[in-house]
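What follows is a short report on a single structure.
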Amino acid sequence: MNPLAATGRVTITVSRTVGEIVFFALDGMVRGLRGPWYPRQILRQMIEIGYYSLPVVGLTAIFTGMVLALQSYIGFSRFEAPDAIPTIVVLSMTRELGPVLAGLMVAGRVGAAMAAELGTMRVTEQIDALHTLATDPLRYLVFPRLVAGLLMLPLLVLVADVIGVMGGYLVSVYKLGFGPIEYINRTFDHLEAQDVISGLVKAAVFGFIVALMGCYQGYHSRGGAQGVGAATTRAVVSASILILTADYMLTEIFFSR
Amino acid sequence: MNRPPAKIRIRDLRKSFGDNHVLRGLDLDVPAGRSLVVIGGSGTGKSVLLKCILGLLRADGGSIEVDGEEVVGARGATLERIRLKFGMLFQGAALFDSLPVWENVAFGLLARRLVGRAEARERALATLAKVGLGAEVLDLYPAELSGGMQKRVGLARAIATEPEILFFDEPTTGLDPIMADVINELVRRSVKKLGATAVSITHDMASVRKIADRVAMLFEGRIIWEGAIEEIDDSGNPYVDQFIHGRAEGPIRVLQDMPAD
Ligand SMILES: Nc1ncnc2c1ncn2[C@@H]1O[C@H](COP(=O)(O)OP(=O)(O)OP(=O)(O)O)[C@@H](O)[C@H]1O
Ligand SMILES: [Mg+2]
């Protein structure tokens, strides 16, 4: 096959998909904001994303904090600078690992569930049924999920930050011989508001991405159980890739400010 | 018999899925306040027809007017307003499986913000009674119901808001003969007492004779016969005759021609 034609076709497909996703997101947000609102649905999604993701995000955070402390001890003791460990742990958690790991975990847990639920609703005609019952599925299904993703991931990340620091504390105090007070003090010595805030902004973006990909893939799935399965996979994979891409771009923006 | 004005007027309706040309220039009038039954073989596009009228599937061409308003090409608020006139029972019931039965039945009422939740529950109970279901199912989830019960809940959901136009996609499939008759009665009553316009799809000829004022037969993407139920036995149409008597032999070829052995 002609390589130029193939490249062109891929480019067209990719840009069309991107356009469709952006339009879907805008449509969902604009219609949703205009109302009618479904507070019950929003609450339900916030609990689903925020509350039920706590265990998995908490576990990820504590082990990440512990590993960070150990690894940076190995590195920094070579420079006679193990005092930097608390700072390393808290900055890595708040700026980077908190939002990215929470985002990826939530993509696997919540994004997949959203795609499966909406996909099933699509193939069993429940979305058609909504249309016939004076209800706009974008307002009723999509908007609550987007809002919940946007709002709940920052909260989750805040919890992850605290738990991550705790993990670092445990390893440093009980294994590496740090003084407890000293560790806590050093944690806050070099921490600035911007470190935490930039992480929370990232989290909001990642939460939106996860919900958007879950909803988009589910909403447009077709062809029975197999189609729903494929949509679920696509939701998780595309959300994960987009999270990592957005992470770099956001870091770049915060870096140059 | 003088015919009332058409509630739904369809002209030259076309709908294809790729190379599968399902509706090929379909014309049909649904008279107001009457019960029309669409018959036709499996896969001839009966469900697709209903979905096109509701704008759930986008027609490729032609015109569908509901009370004189065009559905084909309509979008957004216009389409939403037209849809308010309808209640639909889907072939697969399409119940919301995250909601209990009563919220399924009351969904249209709650969505239109016509009643509060307490009253909606009462209304759901009253509507369920019409399809032969009692208070014990109110708080069950759709997955906990039998197929026939799901169908009846779907029916209750369709009629709960007492819409002007009712679409029933195979309302009696999967029901026992007694319950099927209850549902047939319900369809009749919705038309006679409430003055609704009904379009039903069914394969069950007993059901056709019970609920239809008029019958239309869909074959190869067009309505090939349409008439009053009294005329169906001497329609003079070989396709209709073959269908209503359920014969494998006739102008409708179901099996591919097999080599004689
Ligand atoms: N969403 C869709 N995408 C692709 N093809 C479809 C879709 N919906 C229906 N079709 C096709 O359209 C044709 C008509 O389907 P339809 O569901 O309307 O049949 P039907 O007359 O209701 O049959 P049955 O009596 O078995 O329910 C079938 O060939 C089917 O494959
Ligand atoms: Mg059908």
Side-chain angles (χ1 to χ4, degrees), chain A residues 23-24 26-28 30-32 34-45 47-49 52 110 113-145 148 214-215 218-220 222-225 227-228, chain B residues 17 47-48 50-58 71 74-77 79-99 103-114 117 120 142-143 150 153-161 163 165-169:
Chain A
F23 180 77
F24 183 79
L26 287 177
D27 207 21
V30 170
R31 281 205 233 174
R34 237 194 268 136
W37 292 58
Y38 297 94
R40 254 163 207 288
Q41 297 300 314
I42 297 178
L43 192 68
R44 189 171 179 164
Q45 292 306 320
I47 293 172
E48 185 61 40
I49 299 180
Y52 290 112
V110 179
M114 284 181 183
E117 188 179 358
L118 265 62
T120 306
M121 291 187 76
R122 165 64 71 195
V123 301
T124 57
E125 302 181 325
Q126 292 178 52
I127 291 183
D128 286 341
L130 280 176
H131 280 298
T132 69
L133 291 162
T135 303
D136 176 0
L138 284 181
R139 293 190 177 108
Y140 182 78
L141 296 174
V142 174
F143 180 70
R145 286 169 170 77
C215 289
Y219 197 81
H220 293 98
R222 61 180 96 201
V228 175
Chain B
F17 299 98
S47 300
V48 168
L50 294 192
K51 286 185 195 164
C52 285
I53 299 174
L54 285 164
L56 298 173
L57 288 174
R58 211 163 270 286
V71 174
R75 306 177 149 265
L79 200 52
E80 280 176 29
R81 185 164 39 74
I82 297 176
R83 280 182 186 143
L84 284 178
K85 298 178 181 176
F86 290 86
M88 163 125 184
L89 163 66
F90 286 82
Q91 190 167 0
L95 300 179
F96 304 124
D97 40 31
S98 61
L99 298 177
E103 277 194 63
N104 266 283
V105 175
F107 198 94
L109 294 168
L110 290 168
R112 290 171 171 81
R113 322 235 154 169
L114 294 175
R117 290 178 71 80
Q150 289 181 3
V153 173
L155 199 75
R157 185 175 70 180
I159 63 174
T161 55
I165 309 173
L166 289 163
F167 282 1
F168 300 120
D169 198 341

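Worth knowing before you read on, the calculation uses all heavy atoms, side chains too, and leaves out hydrogens, waters and symmetry mates.
A search for salt bridge (charged side-chain N to carboxylate O under 4.0 Å, His left out) contacts involving B:Arg81 returns B:Glu69, not counting sequence neighbours.
Comparing B:Arg112, B:Gln91, B:Lys51 by how many heavy-atom pairs each has under 4.5 Å with chain A, the most go to B:Lys51. In terms of heavy-atom pairs under 4.5 Å with chain B, the best-connected choice from A:Thr124, A:Asp128, A:Thr135 is A:Asp128. The residue among A:Met121, A:Arg44, A:Arg40 with the most heavy atom pairs within less than 4.5 Å of chain B is A:Arg40. Contact count against chain B (heavy-atom pairs under 4.5 Å) is highest for A:Thr132 among A:Thr132, A:Thr120, A:Ile127.
Heavy-atom minimum distance, B:Ala111 versus A:Ala134: CB-O, 4.0 Å.
Between A:Tyr140 and B:Phe107, the distance from one ring center to the other falls under 6.0 angstrom.
Both the backbone and the side chain of B:Ser98 come within contact range of chain A, each with at least one heavy atom under 4.5 Å from a heavy atom of that chain. Residue B:Leu79: no heavy atom, backbone or side chain, is found under 4.5 Å from chain A. The part of B:Phe86 that comes within reach of chain A is its backbone (N, CA, C, O), which places non-hydrogen atoms under 4.5 angstrom from that chain.
The distance from atom CE of B:Met88 to atom NE2 of A:His131, rounded to the nearest 0.5 Å, is 13.0 Å.
For residues 83-98 of chain B, the set of pairs meeting the salt bridge (Lys or Arg N to Asp or Glu O under 4.0 Å) definition, not counting sequence neighbours, comprises B:Asp67-B:Lys85.
Remark: B:Arg113 qualifies as a cation-pi partner of A:Tyr38 under the 6.0 Å distance and 45° angle criteria applied to the six-membered ring.
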Carefully, step by step, assess B:Arg157 and A:Leu133 under the rule side chain to side chain contact (heavy atoms under 4.5 Å, CB included).
-> CA-CA 9 Å; B:Arg157 185 175 70 180; A:Leu133 291 162; 3.6 Å; yes
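Shown here is A:Tyr52, whose OH atom has no more than 12 heavy atoms of other residues, nucleotides or ligands within 6.0 Å.
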